[in-house]
Asker: 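Before we start, here is the structure in question, set down as structure tokens.
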Number of protein chains: 2
Amino acid sequence: MSVSTVSKALNDNGRMAADTRERIKNLAAEIGFRPNALARGLLSNRSFTVGLLTNDTYGRFTLPVMAGVSEALVDHGVSVFLCAIEDDPALGKIHVDAMLDKQVDGIIATGKRVDRSLPVDLAGLPVPVVYAFTKGEPGSVTLTSDDGHGARLAAERLKKMGRKRLLHITGPLEFTSAVERAEAFRAVAGGGAPVLHGVWSEAWGHEAIDRIWNTGGERPDGIFCGNDQIARGVVDALRERGVRVPEDVSVIGFDNWEIMAAQTRPPLTTVDMNLKELGREAGLMVLALAEGRTIEPGLRKLPCRLVVRDSCGGGGRQN
Amino acid sequence: MSVSTVSKALNDNGRMAADTRERIKNLAAEIGFRPNALARGLLSNRSFTVGLLTNDTYGRFTLPVMAGVSEALVDHGVSVFLCAIEDDPALGKIHVDAMLDKQVDGIIATGKRVDRSLPVDLAGLPVPVVYAFTKGEPGSVTLTSDDGHGARLAAERLKKMGRKRLLHITGPLEFTSAVERAEAFRAVAGGGAPVLHGVWSEAWGHEAIDRIWNTGGERPDGIFCGNDQIARGVVDALRERGVRVPEDVSVIGFDNWEIMAAQTRPPLTTVDMNLKELGREAGLMVLALAEGRTIEPGLRKLPCRLVVRDSCGGGGRQN
DNA sequence: TTGAAAGCGTTACCAG
DNA sequence: CTGGTAACGCTTTCAA
């Protein structure tokens, strides 16, 4: 029995007697034959391998993205090289070179900030590149979450709960996502709705509440926080002051960082950026590109979703 | 100029005129020549690739392990396939098969629990396997953190701070790590020192403190917690009761889960399992095995280290 | 000191 | 319907 015959049998190629094919397949299965992907790749110029580059070592953003990528690609027999490059350009280059040497079919770049790019130049590479949750080159294929949409979801929910005096406590103005969320929040809450910019920490949530409650001014009855850590600080600070959540004040977070959102008392209603889905799409896109299909370049913003727990009221837990 | 000459020049092989070699190398660099790793692997039977299998999608344990593995191997030109298999045996098999097809030089198995194994059989594979922070087959090469050592570090620290009435609040008895830490704690604190088993959550830390302070019994002045979440619950509960940390009670956590430990008020002194180092060692070990070097099988326990912040007193921050 | 040839494990093509 | 042969890009061996 010749190798070429076996090859054809196993790949359902060419014309041959059905029973020969059957016999070969059975025998192959029996002896546990596995075709060598390296040899196959040498011929086909496809390694069924993609690289995932990240400078997030590894925050809660990259994690779900990676899970989505891997999940989408495993069905296509594609494996994922994980490359953590910190913020080190030299390390980035080493990893990119290694991936190129290994003939990856494509590269997905991801990070911890949508408005920063990785410390490595991915333009002009001989393989397709997709940017997911990190800033891409002009004219590249880029996927991000729709921060404005998420913020709208939150603000609308607060209004639907009958909250009138809405407040947004969020991160620094240098973050595009903070700005976009704030804009969307104001669009729903009214242009005069206050927005407090600080840092992305619990401590800032605490401080913001202290500041407001100690000042004589109007107190909010609905607070949308820029992330779950801030929300946790806010909820804790309110509780310490005897303000009840959600009876007196509704609070909504952002990120749906399970371990934080679920452990807060009460558990946080929060915006989920669907990062796993984002990863999945990114995976499918590099794959398409690798197979020569063409994908319209540009920035795609994926919708968010609201995960309802207890901190906003009205919901019941449905997560 | 023939391919074989070029090959020899680039690999510093064979004998040839130094200047010819130089000339070839320069030219190669100039045109950006990169040898095809697939072709090279076909010949050498080494793909310079290892697989990292995990069922932790992806908790704070697997993350540092992965970082360590990647860091150790990148220096050797080895790339890492990341395979998240959840707890699904079928998915596990798919990933293992994919890795084998791609001729990985070895596999590292890691997970979220030291006393459970992955839902996939890695015995009898044609490539070396190293287990890191997950249970390995009998006779395998396995790396774990030394839970007893970590607990001793914590208990000794509490004693050194002059604490006399030590208490350990930790997770369920079914976890080997909880049991080992408790034993080591008792060995230092005295056999009569109380240990409270519950779950690994903030809420349990809270509840334990409530229970103790509401009962008439003796109150601890030094508390060692089974993880940082419990410690956070404990610290919060104490503060809510007006008990000062660390002035009245010293608290030490476990895991050094930055985002939790650093944001607690006061920041947590806690035990770090050195998981990144563990990952690094695991990486180096598969590599050694892949290169035919031999490694004594058995369970290796790596030491922990105490990260001193403010919750125990006496330290100052040195992290 | 250099080059030609064989071979790694596949697949595609074309003769038999 | 089946099998031989070339080719993928590289390294190694051996002859020139």
Side-chain angles (χ1 to χ4, degrees), chain A residues 1-49 76-79 97-106 125-127 290-292, chain B residues 1-49 51 76-79 81 97-106 125-127 290-292:
Chain A
M1 186 122 312
S2 83
V3 275
S4 44
T5 310
V6 172
S7 171
K8 276 184 300 185
L10 262 27
N11 295 301
D12 289 320
N13 262 344
R15 274 177 302 283
M16 65 189 311
D19 72 320
T20 315
R21 180 164 306 212
E22 210 38 44
R23 212 153 35 89
I24 293 178
K25 281 188 170 181
N26 287 336
L27 201 61
E30 201 171 315
I31 65 172
F33 171 80
R34 7 187 85 273
N36 182 326
L38 266 46
R40 190 181 282 196
L42 197 53
L43 224 23
S44 63
N45 271 320
R46 291 269 279 108
S47 63
F48 289 91
T49 276
H76 299 266
V78 174
S79 303
D97 285 350
M99 299 193 309
L100 258 21
D101 285 350
K102 278 157 191 147
Q103 312 288 119
V104 291
D105 297 333
L125 251 37
V127 298
E291 289 170 351
Chain B
M1 184 121 313
S2 85
V3 275
S4 45
T5 310
V6 173
S7 170
K8 276 185 296 187
L10 262 28
N11 296 300
D12 289 320
N13 262 343
R15 275 176 302 282
M16 64 190 311
D19 72 319
T20 315
R21 183 166 307 222
E22 212 35 46
R23 211 153 36 87
I24 293 179
K25 280 188 170 179
N26 288 336
L27 201 59
E30 202 171 313
I31 66 171
F33 172 80
R34 5 188 86 271
N36 182 325
L38 266 45
R40 189 180 283 197
L42 198 52
L43 230 14
S44 64
N45 270 320
R46 292 268 280 109
S47 64
F48 290 89
T49 277
H76 300 265
V78 175
S79 304
F81 284 124
D97 285 351
M99 297 192 311
L100 259 20
D101 285 350
K102 279 157 190 147
Q103 312 289 118
V104 290
D105 297 333
L125 252 36
V127 298
E291 288 169 352

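Chain letters run A, B, ... following the sequence lines, proteins first and then strands; every chain starts at 1.
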Asker: What's the separation between atom CD in B/Q103 and atom CG in A/N36, rounded to the nearest 0.5 Å?
Answerer: 4.0 Å

Asker: Is there any protein nitrogen or oxygen under 3.5 Å from a nitrogen or oxygen in nucleotides 2-4 of chain D, and what are the pairs?
Answerer:
{"residue": "D/dT2", "atom": "OP1", "partner": "A/T20", "partner atom": "OG1", "Å": "3.1"}
{"residue": "D/dT2", "atom": "OP2", "partner": "A/A17", "partner atom": "N", "Å": "3.0"}
{"residue": "D/dT2", "atom": "OP2", "partner": "A/T20", "partner atom": "OG1", "Å": "3.4"}
{"residue": "D/dG3", "atom": "OP2", "partner": "A/T5", "partner atom": "OG1", "Å": "3.0"}
{"residue": "D/dG3", "atom": "O6", "partner": "A/K8", "partner atom": "NZ", "Å": "2.9"}
{"residue": "D/dG4", "atom": "N7", "partner": "A/S4", "partner atom": "OG", "Å": "3.0"}
{"residue": "D/dG4", "atom": "O6", "partner": "A/S4", "partner atom": "OG", "Å": "3.0"}

Asker: Measuring only between side-chain heavy atoms, which start at C-beta, is A/P35 closer than 4.5 Å to A/L10?
Answerer: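 Not touching, per the 4.5 Å side-chain cut-off.
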
Asker: Excluding sequence neighbours, so at least two apart, what forms salt bridge (Lys or Arg N to Asp or Glu O under 4.0 Å) with B/R40?
Answerer: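 Residues passing salt bridge (Lys or Arg N to Asp or Glu O under 4.0 Å) with B/R40: none at all.
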
Asker: Between B/A290 and B/D105, what is the shortest heavy-atom contact and its length?
Answerer: CB-O, 3.4 Å

Asker: For B/E22, enumerate each residue passing the side-chain hydrogen bond (donor to acceptor under 3.5 Å, both in side chains) test, keeping only those at least two apart in sequence or located in another chain.
Answerer: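 Residues passing side-chain hydrogen bond (donor to acceptor under 3.5 Å, both in side chains) with B/E22: none at all.
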
Asker: What is the minimum heavy-atom distance between A/V127 and A/L100, and which atoms define it?
Answerer: CG2-CD1, 4.1 Å

Asker: Considering the terminal five base pairs at each end of the helix from C/dT1-D/dA16 to C/dG16-D/dC1, what angle separates the two local helix axes, rounded to 10°?
Answerer: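 Here the local axes at opposite ends form an angle of 60°.
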
Asker: Without decimals, in angstroms, what is the distance between B/I24 CD1 and C/dT1 P?
Answerer: 13 Å

Asker: Atom CG of B/D12 to atom P of C/dT1: distance rounded to whole Å?
Answerer: 15 Å

Asker: Show each protein N/O and nucleotides 7-9 of chain D N/O combination with a separation under 3.5 Å, one pair to a line.
Answerer:
{"residue": "D/dG9", "atom": "N2", "partner": "B/A39", "partner atom": "O", "Å": "3.4"}

Asker: Could you pull out all residues at least two apart from A/N45 that satisfy side-chain hydrogen bond (donor to acceptor under 3.5 Å, both in side chains)?
Answerer: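 With sequence neighbours excluded, A/N45 shows a side-chain hydrogen bond (donor to acceptor under 3.5 Å, both in side chains) to no residue whatsoever.
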
Asker: Report yes if the side chains of B/D101 and A/F48 come closer than 4.5 Å at any heavy-atom pair, otherwise no.
Answerer: no

Asker: Checking A/T49 against B/K102: is there a side-chain donor and acceptor pair closer than 3.5 Å?
Answerer: no

Asker: Do B/R21 and B/D12 touch side chain to side chain, with heavy atoms closer than 4.5 Å?
Answerer: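 Yes, close enough: below the 4.5 Å cut-off.
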
